[in-house]
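The block underneath contains the structure these notes are about, expressed in structure tokens.
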Amino acid sequence: QVQLVESGGGLVQAGASLRLSCTASGRTFSRYAMAWFRQAPGKEREFVAGISRDGIITRYSDSVQGRFAISRDNAKNTVYLQMNSLEPEDTAVYSCAANSAILPYSIPNDYAYWGQGSQVTVSS
């Protein structure tokens, strides 16, 4: 069982930066690939970024490639999402998720554990 808690969301203007954090309970964090998903009102949940267990392999959606960066610190049981050059279209609830696979997949159903979500709002 893994419990995930996100933090770091908020309201910012377009062009600003935010960093989301997701801290996991337990001592097996390094056994999970991690990912960030987001869901805007009226839209389906969307894969944003993922990172492998060891932090070496990362994946990004086309919409955030080059602007967002995912990283993890296994010693702190934490995964991060650095979001730069934010756009109003990035407004959504961002959730982290854990997958017991080695690599980060982009399908929500592949993830067994989810955080409660953190609201990110970008004003124009």
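What's counted below: heavy atoms across the whole structure, side chains too, no hydrogens, waters or symmetry copies.
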Task: L20 versus S118, closest heavy-atom pair with distance - done: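 So the two residues come closest at CD2-OG, 4.3 Å.
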- [ ] Take F29 and M34 through the side-chain contact (heavy atoms from CB on, under 4.5 Å) test and state the conclusion after the steps.
- [x] CA-CA 9 Å; F29 179 71; M34 300 296 296; 3.8 Å; yes
Between [X] and [Y] (side chain of the first, backbone of the second, donor and acceptor by atom type, cut-off under 3.5 Å), is there such a pair?
{"X": "R45", "Y": "I107", "answer": "no"}
{"X": "T58", "Y": "I51", "answer": "no"}
{"X": "R53", "Y": "A101", "answer": "yes"}

Task: Within 6.0 Å of CD in Q3, more than 12 heavy atoms from elsewhere - done: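 Open.
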TODO: Count the heavy atoms belonging to other residues, nucleotides or ligands that lie under 6.0 Å from CD1 of I102, then report whether that count exceeds 12.
DONE: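 Atom CD1 in I102 is not crowded, with 12 or fewer foreign heavy atoms closer than 6.0 Å.
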- [ ] Group every Ile, Leu, Val, Met, Phe, Trp and Tyr by side-chain heavy-atom contacts under 4.5 Å, then state whether V93 and M83 land in the same group.
- [x]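 Each belongs to a different hydrophobic cluster.
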Open item on the list: Please say yes or no: joined through hydrophobic side-chain contacts below 4.5 Å, possibly via intermediate residues, are V12 and V48 part of one cluster?
Closed with: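 Yes, one cluster joins them.
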Open item on the list: For Y94, run the side-chain hydrogen bond (donor to acceptor under 3.5 Å, both in side chains) check against R38, E6, Q39 and tell me which one passes.
Closed with: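 Considering R38, E6, Q39, a side-chain hydrogen bond (donor to acceptor under 3.5 Å, both in side chains) with Y94 is found only for R38.
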Open item on the list: I'd like to check F68 versus S61 (side-chain heavy atoms, cut-off strictly below 4.5 Å). Are they in contact?
Closed with: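 Sidechains of S61 and F68: no contact.
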Task: Aromatic plane relationship, Y111 with F37 - under 30° parallel, 30 to 60° tilted, over 60° perpendicular - done: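 The rings of F37 and Y111 stand perpendicular, inter-plane angle above 60°.
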- [ ] Would you check if there is a donor-acceptor pair between the side chains of S17 and N84 at a distance under 3.5 Å?
- [x]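 The criterion, which ignores hydrogens and geometry beyond distance, is satisfied for S17 and N84.
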TODO: State whether a side-chain donor-acceptor pair under 3.5 Å links T23 with T78.
DONE: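 Yes - a donor-acceptor pair under 3.5 Å links their side chains.
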